[in-house]
*Asks:* 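Structure provided below as structure tokens; questions to follow.
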Amino acid sequence: MFAVVKRDGESKARAGVLKTAHGDIPTPVFMPVGTTGTVKGILQRDLVDEIGAWIILGNTYHLYLRPGTTIMKEAGGLHRFMGWDRPLLTDSGGYQVFSLSGNRKLTEEGAIFRSHIDGSKHFFTPENTIDIQRIIGADIIMAFDECAPFPCEYNYARRSVDLTHRWLDRAVARYRETDPVWGHEQFLFPIVQGSTFEDLRKISAEKVASAGMTGNAIGGLSVGEPAEEMYRMIETVNEILPEDKPRYLMGVGTPVNILEAIDRGIDMFDCVMPTRNGRNGMLFTGEGTINIKNRKWINDFSPIDPEGPSSVSLNYSKAYLRHLIISGEILGSQISSIHNLAFYLKLVGEARKKIEEGDFKRWKNAMVKKLSERL
RNA sequence: GGGGAGAUACCAAAGCGGCCAACUGGGGCAGACUGUAAAUCUGCUGGCAAAUGCCUUCGUAGGUUCGAAUCCUGCUCUCCCCA
């Protein structure tokens, strides 16, 4: 299911392959986020042809509320519903319990929450989030967890981790006693929590490792803590998570975050940054990050990114993209999203190549320096 | 030719004696965004010191008043209606 192909000599970085029913995923990998069954503004065709996405995300909370499991069943699962035959991963909705915190209540049993769409009341449990994810049919599904906010009192974090662990046992039990609805194998990834407390992270990593799943995830990071804290937690957790299984750092991050995490042994990433920030005018380029809305680009007719991770990066100018974004044109969002995602995919692809060549560390340090530039 | 309405910062538009450097919208400028309630949100937008401060603004020239974008008079311009 997962095989490490090559390890970097001077760091924890590794290149691997995760085999799923819908295809092999070379790691390190970045997974574009397609919450409601769409990577916002991008055709599935372009995800493949322009971006080179190996796998994308969907979200249990969002898909459960709309269109709902009845339609998902009728459609034959999310793959068929959205016309995507590469691998899919669904988040369990744990993050929504965190980010929609004004509308929910946690109990031992699960989370009672209100729909952000119509205010209706719903209940998520470790068990029914497995059931829903069986119906959605993603190749990788996530355990229902609580993503603690930052900053967070130690006692709150401790209770939160304990609850997440009890929920994990229940999720694994349900996972084991149910079969895939659509016939293909689904991997359940448990999630390490513990806020920024080293001892809690260790305990959580032990717990997650002991679940013996195909891959493991680290959650509850990049929620406002300093990057150094995040890196420290990754180091702590990766000491414990098995080497021979993929490690998924949820919700991360900036290009620099990703390189630093790869350096520390992370294999999988997802983040809304390339798409959301792209729609808002932030472009990641080989020369650094730019805010395309800034006046200085008004008559810069050079390509968006001469290093051209996608064809749109070369075929459209900064001045044109600025015009589109400033004018609120849909095409601006599309071009920005395609470019940014292609940039991310190319970045992790290069990281993989450098690991294979045994030159990751040196390359990473140079890249971090370059990418930190704000143009 | 006669009658009426109006001229406010980049634009539109409030304000009709002091709480007005002037509501609000747009535009402009900048910032934020990390398992997507986000094609969203925030700040600034006369000048200078940039913290409390000072200086020049509401077509224009005068006037009334302790005090005017707000009241009065002349002028200029714009729009509408009737000939």
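The figures that follow rest on heavy atoms only: side chains count, while hydrogens, waters and symmetry mates do not. Chain A is the first sequence line, chain B the second, and so forth, proteins listed ahead of strands; every chain is numbered from 1.
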*Asks:* Starting from Val5(A) and following side-chain heavy-atom contacts under 4.5 Å between hydrophobic residues (I, L, V, M, F, W, Y), which residues can be reached?
*Replies:* Val17(A)
*Asks:* From the options U34(B), A37(B), U40(B), select the nucleotide whose nearest atom is closest to the side chain of His116(A).
*Replies:*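 Of all the options, the side chain of His116(A) is nearest to A37(B).
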*Asks:* With a 3.5 Å limit on both atom pairs, tell me what A9(B) is paired to, counting Watson-Crick and G-U wobble, or say none.
*Replies:*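 In the structure as shown, A9(B) has no Watson-Crick or wobble partner.
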*Asks:* Report yes or no: do Lys318(A) and Ser302(A) form a side-chain donor-acceptor pair below 3.5 Å?
*Replies:*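 Checked: Lys318(A)/Ser302(A) side chains pair up, N/O donor to acceptor below 3.5 Å.
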*Asks:* If only side-chain N and O atoms count, and only distance matters, is there a donor-acceptor pair under 3.5 Å linking Asn59(A) with Gln96(A)?
*Replies:*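 Judged by distance alone, the side chains do pair up.
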*Asks:* Of the candidate nucleotides A39(B), G35(B), G28(B), which contains the atom at the shortest distance from the side chain of Ile326(A)?
*Replies:* G28(B)
*Asks:* Please check if the distance between the ring centroids of Tyr320(A) and Phe301(A) is under 6.0 Å.
*Replies:*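 Not under 6.0 Å, so no.
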*Asks:* Considering every strand and a 4.0 Å limit on heavy-atom distances, what is the contact class for Ile258(A): base, sugar-phosphate, or nothing?
*Replies:*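 No contact at all - Ile258(A) keeps every heavy atom at 4.0 Å or more from the nucleic acid.
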*Asks:* Taking C72(B) as the reference, what is the distance to G27(B) when you measure between their C1' atoms (whole Å, please)?
*Replies:* 37 Å
*Asks:* For the C1' atoms, the ones on C48(B) and on U36(B), what distance do you get once it is rounded to whole angstrom?
*Replies:*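 The same atom, C1', in both gives a distance of 45 Å.
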*Asks:* In residues 41-52 of chain A, which ones come under 4.0 Å of RNA chain B, going by heavy atoms?
*Replies:* none
*Asks:* Can a donor-acceptor pair be found between the side chains of Arg201(A) and Thr236(A) at a distance below 3.5 Å?
*Replies:* no
*Asks:* Can you identify which nucleotide, out of G35(B), G31(B), A39(B), has its nearest atom closest to the Asn294(A) side chain?
*Replies:* G31(B)
*Asks:* Excluding sequence neighbours, so at least two apart, what forms side-chain contact (heavy atoms from CB on, under 4.5 Å) with Cys147(A)?
*Replies:*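 Cys147(A): side-chain contact (heavy atoms from CB on, under 4.5 Å) contacts with Tyr95(A), Phe98(A), Gln193(A), Val223(A).
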*Asks:* Look at the side chain of Glu206(A) and the backbone N and O of Lys202(A), then say whether any donor-acceptor pair between them is shorter than 3.5 Å.
*Replies:*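 Checking the backbone N and O of Lys202(A) against the side chain of Glu206(A), no donor-acceptor pair under 3.5 Å is found.
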*Asks:* At a heavy-atom distance below 4.0 Å, what parts of residues 226-242 of chain A sit against RNA chain B?
*Replies:*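 Listed by number, there are none.
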*Asks:* Does atom CG of Asn315(A) have more than 12 heavy-atom neighbours from other groups under 6.0 Å away?
*Replies:*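 More than 12 heavy atoms, drawn from other residues, nucleotides or ligands, come within 6.0 Å of this atom.
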*Asks:* Going by the side-chain hydrogen bond (donor to acceptor under 3.5 Å, both in side chains) test, which pairs reach into residues 34-56 of chain A, not counting sequence neighbours?
*Replies:*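 Of all non-adjacent pairs touching residues 34-56 of chain A, those that pass side-chain hydrogen bond (donor to acceptor under 3.5 Å, both in side chains) are Glu50(A)-Ser311(A).
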*Asks:* Side chain of Ser333(A): nearest nucleotide among C33(B), A37(B), A39(B)?
*Replies:* A39(B)
*Asks:* Counting only non-hydrogen atoms, which of residues 261-279 of chain A are less than 4.0 Å from RNA chain B?
*Replies:*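 Result for residues 261-279 of chain A: Asp270(A), Cys271(A), Val272(A), Met273(A), Thr275(A), Arg276(A), Asn277(A), Arg279(A), sorted by number.
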*Asks:* Could you name each residue pair satisfying side-chain hydrogen bond (donor to acceptor under 3.5 Å, both in side chains) that touches residues 329-347 of chain A, not counting sequence neighbours?
*Replies:*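 Sorted result for residues 329-347 of chain A: Ser313(A)-His339(A).
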*Asks:* Would you check, one step at a time, whether the test side chain to side chain donor-acceptor pair (under 3.5 Å) holds for Asp91(A) with Tyr61(A)?
*Replies:* CA-CA 8 Å; Asp91(A) 184 26; Tyr61(A) 166 88; over 6 Å; no
*Asks:* Would you find more than 12 non-hydrogen atoms of other residues, nucleotides or ligands less than 6.0 Å from Arg80(A) atom CZ?
*Replies:*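 Result for CZ/Arg80(A): open.
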*Asks:* Any side-chain hydrogen bond (donor to acceptor under 3.5 Å, both in side chains) pairs touching residues 351-363 of chain A, not counting sequence neighbours?
*Replies:* Asp263(A)-Lys361(A), Arg352(A)-Glu356(A), Asp359(A)-Arg362(A)
*Asks:* A22(B) and C58(B): how far apart are their P atoms, nearest whole angstrom?
*Replies:*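 Result for the P pair: 15 Å, nearest Å.
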*Asks:* Give me the residues of residues 150-170 of chain A where at least one heavy atom lies under 4.0 Å from an atom of RNA chain B, by number, or none.
*Replies:* none
*Asks:* Take atom P in U60(B) and the same atom in C10(B), then report the distance between them in whole Å.
*Replies:* 13 Å
*Asks:* Mind telling me whether Phe113(A) and His122(A) have parallel, tilted or perpendicular rings, with 30° and 60° as the class edges?
*Replies:* parallel
*Asks:* Among residues at least two apart in sequence or on other chains, which ones pass side-chain contact (heavy atoms from CB on, under 4.5 Å) with Lys121(A)?
*Replies:* Ile112(A), Arg114(A)
*Asks:* Taking the P atom in each of U78(B) and A12(B), what is the distance between them to the nearest angstrom?
*Replies:* 16 Å
*Asks:* Between Asp145(A) and Ile330(A), just flag the one whose closest nucleotide in RNA chain B comes earlier from the 5' side.
*Replies:* Asp145(A)
*Asks:* Once you measure the plane-to-plane angle for Phe343(A) and Phe284(A), does it fall in the parallel (<30°), tilted (30-60°) or perpendicular (>60°) bin?
*Replies:*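 Answer is parallel, since the angle falls under 30°.
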*Asks:* Considering only atom P, compute the distance from G15(B) to A32(B) and round it to an integer number of Å.
*Replies:*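 Nearest-Å result for G15(B) against A32(B) at atom P: 39 Å.
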*Asks:* Looking only at the side chains, is there a donor atom on one of His165(A) and Ser204(A) sitting less than 3.5 Å from an acceptor on the other?
*Replies:* yes
*Asks:* Taking all non-hydrogen atoms of both residues into account, name the closest pair between His184(A) and Ala21(A) and its distance.
*Replies:* CB-CB, 3.5 Å
*Asks:* Classify the side chain of Asn291(A) and the base of G31(B) as holding, or not holding, a donor-acceptor pair under 3.5 Å.
*Replies:* no
*Asks:* Apply side chain to side chain donor-acceptor pair (under 3.5 Å) to residues Ser160(A) and Glu146(A) and explain how you reach the verdict.
*Replies:* CA-CA 7 Å; Ser160(A) 171; Glu146(A) 186 197 355; 2.8 Å; yes
*Asks:* If you measure from the C1' atom in C81(B) to the same atom in C16(B), how many Å do you get, rounded?
*Replies:*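 Going atom to atom, C1' in each nucleotide, I get 26 Å.
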*Asks:* Around atom OH of Tyr175(A), are there more than 12 heavy atoms from other residues, nucleotides or ligands closer than 6.0 Å?
*Replies:*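 Atom OH in Tyr175(A) is packed in, count exceeds 12.
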*Asks:* From the options U34(B), G35(B), U40(B), select the nucleotide whose nearest atom is closest to the side chain of Leu57(A).
*Replies:*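 Nearest to the side-chain atoms of Leu57(A), counting from C-beta on, is G35(B).
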*Asks:* Considering just the side-chain nitrogens and oxygens of Gln96(A), establish if one lies under 4.0 Å of OP1 or OP2 belonging to G35(B).
*Replies:*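 False: Gln96(A) side-chain N/O out of range (4.0 Å or more) of G35(B) OP1/OP2.
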*Asks:* Could you check which residues of residues 186-193 of chain A get a heavy atom under 4.0 Å from RNA chain B? Sort them by number, please.
*Replies:*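 Contacting residues: Ile191(A), Gln193(A).
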*Asks:* Among U36(B), G35(B), C33(B), find the nucleotide with the atom closest to the side chain of Met282(A).
*Replies:*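 Of all the options, the side chain of Met282(A) is nearest to C33(B).
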*Asks:* Ser222(A) side chain N/O closer than 4.0 Å to the phosphate oxygens (OP1, OP2) of U34(B)?
*Replies:*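 No.
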*Asks:* I'd like a table of atom pairs between the protein and nucleotides 43-46 of chain B - only N or O on both sides, under 3.5 Å - with the distance next to each one.
*Replies:*
none

*Asks:* Just compare G35(B), G31(B), C29(B) and give me whichever is closest to any side-chain atom of Arg295(A).
*Replies:*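 Side chain of Arg295(A) sits closest to C29(B).
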*Asks:* Say you pick atom C1' in A69(B) and the same atom in G6(B); how far apart are they, in whole Å?
*Replies:* 15 Å
